[in-house]
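Note: hydrogens, waters and symmetry copies are ignored here, and every other heavy atom, side chains too, is used. Every chain is numbered from 1, with letters handed out A, B, ... down the list of sequences. Since the structure is predicted, the reported quantities are computational estimates derived from the model, not experimental observations.
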2 protein chains.
Amino acid sequence: MAAQSTDAKIIAAFSDLALKYGYQGTTTKKIAETAGVNESTIFRHFKDKRTILERIINDYLDDVDQVGQNFQHSGDIVTDLQRVADIYNEFVQHHKVVFLVGVRESYQFPEVGKALQKLPVRFVSLVKNNFTKMQAEGEIRADIDTDSEAANFVLMNFGNAVFTFSYQTAKMAIPMTSFKSENVQAFAAHLKTH
Amino acid sequence: MAAQSTDAKIIAAFSDLALKYGYQGTTTKKIAETAGVNESTIFRHFKDKRTILERIINDYLDDVDQVGQNFQHSGDIVTDLQRVADIYNEFVQHHKVVFLVGVRESYQFPEVGKALQKLPVRFVSLVKNNFTKMQAEGEIRADIDTDSEAANFVLMNFGNAVFTFSYQTAKMAIPMTSFKSENVQAFAAHLKTH
DNA sequence: TATGCATGCAAGTGCTTGCTTGCATAATAT
DNA sequence: ATATTATGCAAGCAAGCACTTGCATGCATA
C-alpha cells in the first residue's frame, strides 16, 4: 500500500464517514480518528470542514462534463443501453460522496445540488442522441417518443442508484449484473424494431 | 381554519422543517418558533425529539399495508399504470416526511429504512399481479418478464419521486401530469399486445 | 550541525443542541 | 369556588460541535 499523503488520508476518512453518517453526522473528531491523524492537523490542511467537501466536489466537477464522452456506439440497442447503465453506475460509484450528499443534504449545499443536476442532463442527452441515431439506422422503432424514453431510462438508473445506496444493508438492492441483464435488457427490447 | 391542537401544531411544524432541513437540521427551538409554542411545551407533549418522528412513522405504518388495496383494474394497461403512478405519488406526498427522512437519513433511523422498504415491495407485487392478469386477458404481451417490468416501473416512479423532491427548486422536476401522460404512457404502450 | 516544516498533544473557546426545572398565569372542569 | 390542567417564561445544564492555540518533537533538507 502506497504511503498516503495526509490530505488523502483525511479525504478518504471523510468520504467513508459521509457515506455512512452523512455530512452533518461526520464530525471532525471522527475524521481524525478514522484517518489516524490529530484533529488539529485537519485544520492545518483544510480551512474548515466544508472545504473538505468542496475538494471532493471539485473532483466531481472535473469529471462530470466529460462523462460518457468516449461512449462507443455499438449499433445494438441492448448492448448500448447496458453500456450506458454501466457508465452511469461507475460514475455514481466513483463520485458517491457527491451523489449521496447531493441527494440527502442538498438543502444545505445548494452548490452540490446544482452540480448534481448536470448528471441527468448529460445522460438524457447522451441517451437521446443515441436513440435518434438508432432510429435513423432502423435499429429501434421510429414511432417512440425519444424524450420520454430517455427520461424513463435515466429515472430508472437514478432510482436504482438511490435504492441501492439506501437499502444495501437490507439485501434488497438489485446487483448490477442482474440490473443490466434483466432490467436494462427488458427496457431496451421494447425499443427494438420488430 | 380549525383550531389545531398543540400536538398537531408541533407535528406540522416538525414536518415542515424536516422537509426543508432534514431531521438533524430541525432543532427543537425552530420547531417551537414555527409552531408558535414554547420550546418546553414540546417536551411536555413528546418525550423527546425522536418521539415526534415516531408518531409520524406510526401514521405511515398504519397506511402502508393498505396502499393500493382498493386499486381498480380497468383492463387498459395505460390507464392502469397511470392510476398506479397516481396512487404511488399520492402516497409518497402524503407521507413525504417518512419518505424523505428514510431516503436521506435512514443510517440514523434503521426503523424508518425498514418501514420504507415495504413500499417498493407492495408496489412491485401490485403491478406484477396486474401484469399477470392482463397477460391472461391478452391486453399485454405474453413474452415479457413481468418481474423485470414491474421492478422497472417502480424504480421509475421511485426515481421520479426522489428527483422531484431533490430538484423541485430547480424547475427540473417533471410535473405529475406530464409524467403520467408522457412517461408512464410510453412505458405502458410497450407492453401492449400488438 | 542548524533550520524549517509537519505533526502530535493537551487545553481551551464559544456556540448550539436537546432537554429540564421552578414558578406564574390563565383557562377548564368539578 | 376549588382543583386541575395546559401553557409561557426565564434560566440553566451537560454534552457535543467546529475550530484555535502554544508548545514539544521528530524529520528532512541545506
Whole-Å distance separating the CD atom of B/Q24 from the C1' atom of C/dT16: 13 Å

Donor-acceptor side-chain pairing of A/T51 and A/D48 below 3.5 angstrom: yes

A/I31 CD1 - C/dT7 C1' separation (whole Å): 17 Å

B/Q4 CD - D/dA6 P separation (whole Å): 18 Å

Under-4.0 Å side-chain N/O to phosphate OP1/OP2 contact, B/T6 with D/dT7: yes

Whole angstrom value for the distance that separates P of D/dG16 from NZ of A/K29: 7 Å

B/Y21 six-ring face occupied by B/K30 cation (under 6.0 Å, within 45°): yes

Centroid-centroid distance, A/Y23 to A/F109, less than 6.0 Å: yes

B/K9 NZ to D/dG8 C1', straight-line distance once rounded to whole Å: 12 Å

Interatomic distance where NZ belongs to B/K30 and P belongs to C/dC19 [whole Å]: 16 Å

Atom-to-atom span, CD of B/E33 to C1' of C/dG18 - whole angstrom: 15 Å

Nucleic acid contacts of residues 35-56 of chain A, taken as heavy-atom distances under 4.0 Å to DNA chain C: A/G36, A/V37, A/N38, A/S40, A/T41, A/R44, A/H45

CA sep, side-chain torsions, deciding dist, call: A/D86, A/Q82, side chain to side chain contact (heavy atoms under 4.5 Å, CB included): CA-CA 6 Å; A/D86 254 336; A/Q82 284 174 339; 5.9 Å; no

Rounded interatomic separation in angstrom, taking CZ from B/F14 and C1' from C/dT17: 15 Å

B/Y60/B/F91 aromatic ring centres below 6.0 Å: yes

Sugar-phosphate only, base, or nothing, as touched by A/S5 at under 4.0 Å among non-hydrogen atoms: nothing

Side-chain donor-acceptor contact under 3.5 Å, B/H95 with B/E90: no

